[in-house]
Participant: 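There's a structure below that I have some questions on.
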Amino acid sequence: MIESLLVANRGEIARRIIRTGRRLGIRTIAVHSEADGALPFVTEADEAVCVGPANPAQSYRNVEAILEAARSTGAQAIHPGYGFLSENADFARTVEGSGLIWVGPGADAITAMGDKINARNLMAAAGVPVAPGTTEPAADLDAAVAAAAEIGYPVMVKAAAGGGGMGMGVAADEAALRTEYDKVRAFAERMFGDGSVLIERYFPRVRHVEVQILGLADGRVVALGERECSVQRRNQKLVEESPSPAVSPELRERFLAAAVRAGEAVNYRNAGTVECLLDPSTQEFFFLEMNTRLQVEHPVTEYVYGVDLVEEQLRVAAGLVPTFDPDALAPRGHAIELRINAEEPKRFLPGPGAITTWNEPAGAGVRVDSGYVAGNTVTPFYDSLMAKLIVSGDTREEAVERARAAVAQFEIAGPKCNLPFFAELLENPEFLSGDYDTGIVSRMR
């Protein structure tokens, strides 16, 4: 097993990786910005190195500073968490070129899946269903208009290099397309340094379902079930659950088989997620993208499949066999994750601030992965995620009931907080029925 691990991230995911490292007897090293020096992940690591100012470009995305931290502390491996440099193929190559172990998929797989158009074409060739759309970037507005006319409105306008729900717009007709194309292209150039745009069919009523895959050290790719991710605001997830209440055993088999084919097509190693759109009216699903990293919502899979995905990542990176039997994977019970963000609960606008009260819920089937404690400050420099509240039960109904109790017990004061939204959602008849889609939040608002 790896003996020393540098965690190239912050907040709850850094803390969560450090927790598994400690359990496995691995020496852990945290890197942090000047703004994060007082956060729990810094003090909980065996060592900590400040890598720069609050600006992520000067700290958490500062490749040379992170590599120097690894060299100075004698780190053997680097785990990137999610976000920041986690899906940066150049960083992965640089880490391995420096003689360190990269705890993630190979750089070639990251590159292949990083461009949405290339990923779509690869998946189609591998027999994974893809939605009708362009097979190359729309070179200009006229090309986009022509593509949309062939695909049929409404269409989704997407940044080819985007991810995490960013760089997307919907056009119901040509006039809207002309506006959205310019908007998405400008956003993509600004955020990703690549203005390439693709056009694909938009499904007004759709569910967002993803499959957790793990590429093992022996070359096999296995699927650890699906997660429902349809509770979203601004195309970004707020709630995830596993198993999906929309997925029958027969549909699950098709989902998992397609996800394994997707991983095999790029010789995938380590943890990744194949995200899909599910049309509930036809039970057809279509490839959306592959996230070549650990997902925020990985804990629900851990509960339902009885694995520690961070440990499995470390084992793959070290060339070891998994702790589980790949031929005997089966879901047990139900798990739900709620993303506790520093944002007001109506319009979901950010509300950072100093934390004056922080009391976490506890009890059977309750887990909190948090990045903060009372006395810390949620700054405006990073993502608004403060904690993840994960609940589990033998049934979905039991998990929902535990989620209600845990939300009521969770006390946070200081920053804005979206806990009241979850209290509302957990009483919403549409959510309780399990028959909901990606429009549920907009219907609640």
Side-chain angles (χ1 to χ4, degrees), residues 123-124 126-132 201-214 221-232 237-264 272-291 295 297-307 324-337 365 390-403 425-426 428-440 443:
M123 294 301 98
V128 178
V130 298
R201 173 71 58 80
Y202 173 72
F203 298 90
R205 176 172 164 78
V206 74
R207 298 183 76 131
H208 187 148
V209 180
E210 64 188 25
V211 177
Q212 175 71 57
I213 63 170
L214 188 68
V221 178
V222 298
L224 290 88
E226 85 286 351
R227 297 185 287 252
E228 175 73 53
C229 308
S230 296
V231 180
Q232 304 178 0
K237 304 164 189 172
L238 288 172
V239 177
E240 299 91 4
E241 59 179 310
S242 183
S244 165
V247 174
S248 65
E250 183 275 331
L251 180 56
R252 178 171 297 113
E253 285 188 18
R254 291 196 284 131
F255 256 123
L256 303 194
V260 168
R261 288 198 301 275
E264 291 173 340
T273 299
V274 179
E275 304 209 10
C276 298
L277 297 178
L278 170 65
D279 184 341
S281 64
T282 64
Q283 293 291 282
E284 292 181 286
F285 63 89
F286 304 99
F287 173 81
L288 178 62
E289 64 182 2
M290 183 188 288
N291 288 306
Q295 290 281 89
E297 57 271 23
H298 74 272
V300 295
T301 296
E302 293 185 321
Y303 264 125
V304 173
Y305 282 84
V307 300
F324 58 86
D325 181 353
D327 298 318
L329 288 167
R332 295 184 61 184
H334 199 94
I336 301 171
E337 175 181 290
I390 309 106
V391 295
S392 64
D394 291 337
T395 64
R396 184 174 190 263
E397 292 71 23
E398 183 176 43
V400 167
E401 188 56 42
R402 286 177 171 172
L425 177 75
L426 292 167
N428 180 276
E430 188 178 349
F431 179 77
L432 295 178
S433 73
D435 184 19
Y436 61 93
D437 57 51
T438 55
I440 184 172
R443 289 190 289 274

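Residue indices begin at 1 and follow the sequence shown.
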Participant: Side chain of Arg207, backbone of Cys276: donor and acceptor closer than 3.5 Å?
Facilitator: no
Participant: Kindly say whether Gly225 contributes a backbone atom to a donor-acceptor pair with the side chain of Arg252 at under 3.5 angstrom?
Facilitator: no
Participant: Going from CD on Glu228 to CD on Glu297, what distance comes out if it is rounded to the nearest 0.5 angstrom?
Facilitator: 11.5 Å
Participant: Output yes when a side-chain donor or acceptor of Ser242 lies under 3.5 Å from a complementary backbone atom of Glu226, and no otherwise.
Facilitator: yes
Participant: Starting at CG of Asn428, measure out to OH of Tyr436 and round the result to the nearest 0.5 Å.
Facilitator: 10.5 Å
Participant: Atom CD in Glu284, atom CG in Leu277: separation rounded to 0.5 Å?
Facilitator: 12.0 Å
Participant: Counting only heavy atoms not in Glu430, do more than 12 sit closer than 6.0 Å to its CD atom?
Facilitator: yes
Participant: Decide, yes or no, whether a salt bridge links Lys237 with Glu210 under the criterion of side-chain N to carboxylate O below 4.0 Å.
Facilitator: yes
Participant: For a quick test of reading the model, state the closest non-hydrogen atom pair linking Val128 to Ala258 and the distance between them.
Facilitator: CG2-O, 3.5 Å
Participant: Mind listing the closest non-hydrogen atom pair of Leu224 and Tyr305 along with its distance?
Facilitator: O-CE1, 3.3 Å
Participant: Would a 4.5 Å heavy-atom cut-off, applied to side chains only, mark Phe287 and Pro129 as touching?
Facilitator: no
Participant: Kindly give the heavy-atom pair with the smallest separation between Arg396 and Pro245, and that separation in Å.
Facilitator: NE-CG, 4.0 Å
Participant: How many angstroms lie between CG in Leu425 and CG in Leu432, if you round to the nearest 0.5 Å?
Facilitator: 8.0 Å
Participant: What's the shortest heavy-atom distance between Val222 and Pro326, and which atoms?
Facilitator: CG1-CB, 3.7 Å
Participant: Quick one: does Arg261's side chain have a donor or acceptor within less than 3.5 Å of a partner on Gly127's backbone?
Facilitator: yes
Participant: Ion pair present between Arg205 and Asp435, side-chain N to carboxylate O less than 4.0 angstrom?
Facilitator: yes
Participant: Shortest non-hydrogen contact from Val304 to Pro331?
Facilitator: CG1-CB, 3.4 Å
Participant: For the side-chain hydrogen bond (donor to acceptor under 3.5 Å, both in side chains) test, which of Glu241, Glu240, His298, Gln212 pairs with Arg227?
Facilitator: Gln212
Participant: How many angstroms lie between CD in Gln295 and OG1 in Thr273, if you round to the nearest 0.5 Å?
Facilitator: 3.5 Å
Participant: Return the CG to OG1 distance between Leu278 and Thr438, rounded to the nearest 0.5 Å.
Facilitator: 10.5 Å
Participant: Is any side-chain heavy atom of Phe285 closer than 4.5 Å to a side-chain heavy atom of Val211?
Facilitator: no
Participant: If you take the centroid of each ring, where Trp contributes its six-membered ring, are Phe286 and Phe203 closer together than 6.0 Å?
Facilitator: yes
Participant: Is there a side-chain contact between His334 and Thr395 in this structure, where contact means two heavy atoms from C-beta onward sitting under 4.5 Å apart?
Facilitator: no
Participant: Any side-chain donor-acceptor pair under 3.5 Å between His208 and Glu275?
Facilitator: yes
Participant: Looking at Val274 and Ala262, what are the two nearest heavy atoms and their distance?
Facilitator: CG2-CB, 4.0 Å
